[in-house]
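Side chains are part of it too, since the values below use all heavy atoms of this structure and drop only hydrogens, waters and symmetry mates.
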Amino acid sequence: MTSLAHAVSALIAFNGISSNDVEMIVKLNLGLFCLTLAFSGICFLASCIFNLSKYATGTGGFIVGSFLLISLVPLFSQKLADLKYFTIVTLYDLTSIIAGNSDFIIKALILAGIGALTYIVGTAIFIKKDLPI
């Protein structure tokens, strides 16, 4: 994520910014928004399932944190390179966006679908919940 910020600042500082660069930056941000939507949906679902905040935070944070940590493991060990496919972070395809391919659209829609589905399921669970107030 920080490499994206460095790349954008380098484009602006050294080359100026063209309409193709703006299009790429918008696509990168939309893809990252879909990933963030999926992460927040997972945390929202966990908070709707559990009554106590320690369980909600622990479960949602554990799942999202695990996805992030597992996606970092292949950077350190080539033997575990296939491990990155067990996370939804893989669906945020930087190389496809930067190359100008349209492959990222389906992956971004899957991430947005995960986010929407988890928000819908979480809302349905919360509506039926009898809160101990």
Side-chain angles (χ1 to χ4, degrees):
M1 309 305 166
T2 57
S3 61
L4 172 63
H6 291 293
V8 170
S9 62
L11 280 173
I12 293 170
F14 297 115
N15 298 336
I17 195 161
S18 69
S19 62
N20 290 337
D21 296 334
V22 171
E23 181 181 343
M24 181 186 63
I25 292 169
V26 168
K27 288 178 183 178
L28 287 169
N29 283 318
L30 284 174
L32 190 58
F33 171 76
C34 291
L35 179 64
T36 306
L37 181 69
F39 281 161
S40 66
I42 291 168
C43 291
F44 180 76
L45 179 63
S47 69
C48 290
I49 291 173
F50 297 106
N51 285 338
L52 297 175
S53 63
K54 64 181 177 180
Y55 297 133
T57 306
T59 303
F62 175 75
I63 292 171
V64 171
S66 296
F67 281 155
L68 291 172
L69 289 175
I70 290 171
S71 68
L72 291 176
V73 169
L75 297 175
F76 299 108
S77 173
Q78 291 299 327
K79 293 178 184 177
L80 300 173
D82 292 335
L83 196 60
K84 69 181 178 183
Y85 297 113
F86 289 104
T87 71
I88 62 173
V89 178
T90 306
L91 293 172
Y92 180 54
D93 194 4
L94 285 171
T95 55
S96 175
I97 295 171
I98 292 172
N101 299 336
S102 60
D103 299 339
F104 78 95
I105 295 172
I106 295 171
K107 294 176 182 179
L109 288 175
I110 291 171
L111 285 171
I114 291 170
L117 183 67
T118 52
Y119 272 107
I120 290 168
V121 171
T123 303
I125 290 172
F126 187 77
I127 288 172
K128 294 179 183 179
K129 186 180 270 195
D130 184 25
L131 295 175
I133 298 178

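- Atom CG of Asp93 and atom CD1 of Ile106 lie 11.0 Å apart (nearest 0.5 Å).
- Side-chain atoms of Leu69 and Val73, non-hydrogen and from C-beta on, never get closer than 4.5 Å to each other.
- In terms of hydrophobic clustering, with Ile, Leu, Val, Met, Phe, Trp and Tyr side chains grouped at heavy-atom distances under 4.5 Å, Ile49 and Tyr119 are assigned to different clusters.
- Thr87 contributes no side-chain N or O that, together with a main-chain N or O of Ile70, makes up a donor-acceptor pair within less than 3.5 Å.
- Taking both residues in full, the closest heavy atoms of Gly115 and Thr118 are given as O-OG1, 2.9 Å, listed atom of the first, atom of the second, then distance.
- The hydrophobic cluster containing Phe44 does not contain Val121, counting ILVMFWY residues as joined when their side-chain heavy atoms lie under 4.5 angstrom apart, directly or transitively.
- Counting heavy atoms of neighbouring residues, nucleotides and ligands inside a 6.0 Å radius, atom CD1 of Ile125 exceeds 12 of them.
- Contact between Leu91 and Ile114 at its shortest, heavy atoms only, is CD1-CD1, 4.4 Å.
- Judged purely by atom type and a 3.5 angstrom limit, Ser40 uses its side chain to pair as donor or acceptor with the backbone of Leu37.
- The aromatic rings of Phe67 and Phe39 lie parallel to each other, with less than 30° between the two planes, well short of the 60° mark.
- Pairing each heavy atom of Pro74 with each of Leu80, the nearest pair is CG-O, 3.6 Å.
- To the nearest 0.5 Å, atom CD of residue Glu23 and atom CD1 of residue Ile97 are 11.0 Å apart.
- Remark: Ile25 CD1 to Ile98 CD1 distance equals 10.5 Å, nearest 0.5 Å.
- Heavy atoms only, all atoms of each residue included: Lys129 and Ser47 are closest at NZ-O, 4.3 Å.
- Smallest separation of non-hydrogen atoms from Cys48 and Phe126: SG-CB, 3.9 Å.
- Here the closest heavy-atom approach between residue Leu111 and residue Tyr92 is recorded as CD1-N, 4.0 Å.
- For the atom pair NZ (Lys107) and OG (Ser96), the distance works out to 6.0 Å, reported to the nearest 0.5 Å.
- Taken together through direct or relayed side-chain contacts under 4.5 Å among Ile, Leu, Val, Met, Phe, Trp and Tyr, Ile42 and Leu117 form parts of separate hydrophobic clusters.
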*List the steps, then state whether side chain to side chain contact (heavy atoms under 4.5 Å, CB included) holds for Lys27 with Ile105.*
CA-CA 9 Å; Lys27 288 178 183 178; Ile105 295 172; over 6 Å; no
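- A single hydrophobic cluster is not seen to contain both Leu68 and Leu72; linkage of ILVMFWY side chains at heavy-atom distances under 4.5 Å, directly or through other members, places them apart.
- Hydrophobic clustering (side-chain heavy atoms under 4.5 Å, transitive across Ile, Leu, Val, Met, Phe, Trp, Tyr) groups Ile110 together with Val64.
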